[in-house]
Amino acid sequence: MTLTVYNTLTRSKSTFQTIEENKVRMYCCGITVYDYCHLGHARTCLVWDVVRRYLQWSGYEVNYIQNFTDIDDKILNRAKQEGTSMAAVSEKFIAAYFEDMARLGVGQADAYPRATHTLNGIKRLIYELEQKGFAYPADGDVYYAVQNFPEYGKLSGRKLEDMQAGASGRVSTEDAQRSKKQCPFDFALWKAAKEGEPAWESPWGNGRPGWHIECSAMVREMLGETIDIHVGGSDLTFPHHENEIAQSEAVTGKPLANYWLHNGMIIVEGKKMSKSLGNFITIRELLDKYESMAVRLFILQTQYRKPVDFTEAALTTATSSWSTLKAGLLFGHQYGKQLGFADADLQDEILVSKFKLAVDDDFNFAGGLAVLFEIAKNLSKEGHMIIHEGTTKTEARELELQWRTLTKLAEILGFEAKPEQASTDSSEGLRDWEIDALVQQRNEARKNKNYAQSDRLRDELQAQGITLIDKPGGVTIWNRG
RNA sequence: GGCGACAUAGCCAAGUGGUAAGGCCGUGGAUUGCAAAUCCAUUAUCCCCCAGUUCGAAUCUGGGUGUCGCCUCCA
C-alpha cells in the first residue's frame, strides 16, 4: 500500500512521490507572532506535526521547516499599543508559542526561520523578480505584477477576470485610483517605511518586506527551489500561497512545491474561529480546562481537510474517549511486570497494516484511531479482569503484543499516557492496611445493616480516590484511582 | 456576484461501485442492601431530496436544497 495525498493544486488525490528517494522536504506556513495562539493554530501545528511523524514512521527522512513571520503590521500595531518594539512583541509571542506547543505535545520543527533573519534572501528575490519583469517599484514600494504571471490563480482555482468581475463593489474605483498598484490584485513585495517604523535598507529605499515574500525566500534558503510538501491552513490558499507560487516560480521557473496540503478550519457556532471575529479560545485557556491528549483526540478525530466544530461538549466527549485510550496505554505500565512483559520489539503486523491502510489514504487519522480503540478497549477489559478476578482471559504474550502495538501506533499520533498516573505507590494518603481496616469496618456495618455508616465509609474512601468493589459472597476488594 | 468544499444514527465521525468502521451517550439484563465498578446484550433495512447510469450506489452522472470556507488580515 502506498501513501496517497490530496493535493490542492490538482484538486485530487495522487500517490505520494518524493523528489529525492526517501527524503521529504516539508514547509509549514507558521504564524505571525502578534498574539497568543488559539485552537485554530493548534490544529494546524498539531496536524502537520503528526503528518511529519507519520512520514517518518513510514520510512522517510523528513526535513520539516516552519516559519515565524515577525515583520508585520499587526505586530507593529501591538508594539505601538504596548509602547514596545516589534522585536519585543515577536520575542514574547515566539516564546509563548513554544510553551503552548510543548504543552500540546507538538514536536519541534527542524528549523524556525524568521523574516527578520531572511532579509538578504528576500531582497534577492525581489531584485530577481524586478529583473525578470514581474515586479515594479512605485514610490518606495515594490509590487508584484500578477498579470505578468500567466499561471496566477492555479492553486486557488481562480482567474483574474473572474476576480475582477466578482470584486466589483469591493475594490472601488476610487481606491484603485489612489493606489500605486497597476492592477488591484498586485501585492506588495516591499513597503516603504513610515516615520518611526522599523526599516531595513534596500535598493528601493528603506522599508520592510510585504507579507508573502518571506515564505518564498525561506523555502528557497532552507529547502531549495522545489520542495515536496507545502502545508498550511486552508485560509492561506489565497492569496498567501498563490502569491508564494507567483513569486518563487516566476524566478526559478520550477514548481515551488509538488504537493500543496491544506488543513480545515476550526468552527465556532457556525463561523470560523478567528481573531477578527473574536470567537477564539487560546491554547493556554483550553489546556487549563482540558487535557492536552483530549485536545489532540478532538483534533485528530476528524479528517484534516474538514472543518471541525469547537464546543465544550465536544471537548468533554473527547476527554471521555481519551480515558478509554489511556486505559489501554497504561495497561502495560500497570500489569506488564506481573504478566512478565519483556520483549520490546513485539508488534502485531495485522493491526499495524490495518492502521497503515487507513492512514495511507490521505492521512486518515480518524480511520487509524479506530484500530487504536479496538486494541485499547480490549486491554482495558483485560485490566478490569485483573482487578476483579485477579487473572486475564488472554495469555500474557498476546496481551503484550497488543499493548506494544497500541503504544507504538499511539506514539505516531502523539498519544502518550504517563505511567505516573498508574502509580499504586502509596507515599501519600492512606496506607494499604489502613484501607483494609476501613473496608473491614464497612463490612461490619453492612452485616449489621447499618447502611448509613457503611455508605459514609465508602464515600470517604472514594474521596481519597479509592474505589470499593463488592463482589458476590460478601467479599470486598478495592483499588486506587 | 465568482471560485471551492461538505451534507452518514441522539451527538461526533470513517467509509468513493458490492450491500453501513470507530468514539461519546442511551437502553435491557447479570451482580448489589443501594450504589459504584465490572460483565453480557443492544442501538442507521439505510447514508439531505429528486431523477439517471448499473446486475448492483452512501459511493458515479445531472438537477435541487442546506451549511461552510476563500475572494480583505487570518492557521
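Note: hydrogens, waters and symmetry copies are ignored here, and every other heavy atom, side chains too, is used. In what follows, chains are A, B, ... by sequence order, proteins preceding strands, each numbered from 1.
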With respect to the side chain of [X], which nucleotide from [options] is positioned closest?
X: Ile266(A); options: C71(B), A75(B), C24(B); value: A75(B)
X: Asp361(A); options: G33(B), C73(B), G15(B); value: G15(B)
X: Ile469(A); options: A36(B), G33(B), A75(B); value: A36(B)
X: His38(A); options: A75(B), C68(B), C70(B); value: A75(B)
X: Ala370(A); options: G69(B), A21(B), A14(B); value: A21(B)
X: Gln301(A); options: C71(B), A75(B), G23(B); value: G23(B)
X: Phe238(A); options: C71(B), G15(B), C39(B); value: C71(B)
X: His384(A); options: G22(B), C39(B), A75(B); value: C39(B)

Whole angstrom is fine here: how far is it from [atom1] in [X] over to [atom2] in [N]?
X: His241(A); N: A75(B); atom1: NE2; atom2: P; result: 11 Å
X: Leu325(A); N: C24(B); atom1: CG; atom2: P; result: 10 Å
X: Glu269(A); N: C68(B); atom1: CD; atom2: P; result: 12 Å
X: Asp459(A); N: C34(B); atom1: CG; atom2: C1'; result: 12 Å
X: Arg446(A); N: A35(B); atom1: CZ; atom2: P; result: 13 Å
X: Asp360(A); N: G15(B); atom1: CG; atom2: P; result: 13 Å
X: Lys393(A); N: C39(B); atom1: NZ; atom2: P; result: 9 Å
X: Arg158(A); N: A5(B); atom1: CZ; atom2: P; result: 12 Å

Please determine if Lys74(A) forms a cation-pi arrangement with Tyr34(A), meaning its NZ or CZ atom is less than 6.0 Å from the six-membered ring centre and no more than 45° off the ring axis.
-> yes

Assign [X] to base, sugar-phosphate, or nothing according to its heavy-atom contacts below 4.0 angstrom with the strands shown.
X: Ala366(A); value: base
X: Leu468(A); value: base
X: Lys471(A); value: nothing
X: Arg442(A); value: base
X: Gln303(A); value: sugar-phosphate
X: Gly264(A); value: base
X: Asp455(A); value: base
X: Thr324(A); value: sugar-phosphate

Within the stacking criterion (centroid distance below 5.5 Å, interplanar angle below 30°), does Phe373(A) stack on G23(B)?
->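 Answer is no, no stack.
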
Separation of the P atoms in G10(B) and G18(B), to the nearest angstrom =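 About 26 Å, rounded to a whole number of Å.
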
How far does the P atom of A21(B) sit from the matching atom of A9(B), given to the nearest Å?
->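 14 Å, rounded to whole Å.
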
If the cut-off is 4.0 Å, is [X] near the phosphate of [N], judged by side-chain N/O to OP1 or OP2?
X: Ser320(A); N: C25(B); result: yes
X: Lys306(A); N: G69(B); result: no
X: Asn364(A); N: G15(B); result: yes
X: Lys377(A); N: G22(B); result: no

Paired with U38(B): which nucleotide, if any, by Watson-Crick or G-U wobble criteria at under 3.5 Å for both distances?
->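 When the pairing criteria are applied, A30(B) turns out to be the nucleotide that pairs with U38(B).
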
Is it true that [X] and [Y] make a salt bridge, defined as a side-chain N closer than 4.0 Å to a carboxylate O?
X: Glu349(A); Y: Lys356(A); value: no
X: Asp141(A); Y: Lys180(A); value: yes
X: Arg114(A); Y: Glu214(A); value: no
X: Lys272(A); Y: Asp235(A); value: yes
X: Asp459(A); Y: Arg456(A); value: no

Base of [N], side chain of [X] - is there a donor-acceptor contact under 3.5 Å?
X: Arg305(A); N: A5(B); answer: no
X: Arg11(A); N: C3(B); answer: no
X: Asn450(A); N: G33(B); answer: no
X: Asp470(A); N: A36(B); answer: no

Please figure out whether Gly368(A) or His388(A) has its closest RNA chain B nucleotide nearer the 5' end.
->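 Nearest nucleotide further toward 5': that of Gly368(A).
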
Nearest-nucleotide 5' precedence on RNA chain B, Thr32(A) against Thr317(A) |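 Between the two, 5'-proximity favours Thr317(A).
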
Phe187(A)-Tyr143(A) aromatic ring centre distance below 6.0 Å = no

Output field: ring centroids Tyr112(A)/Phe98(A) closer than 6.0 Å = yes

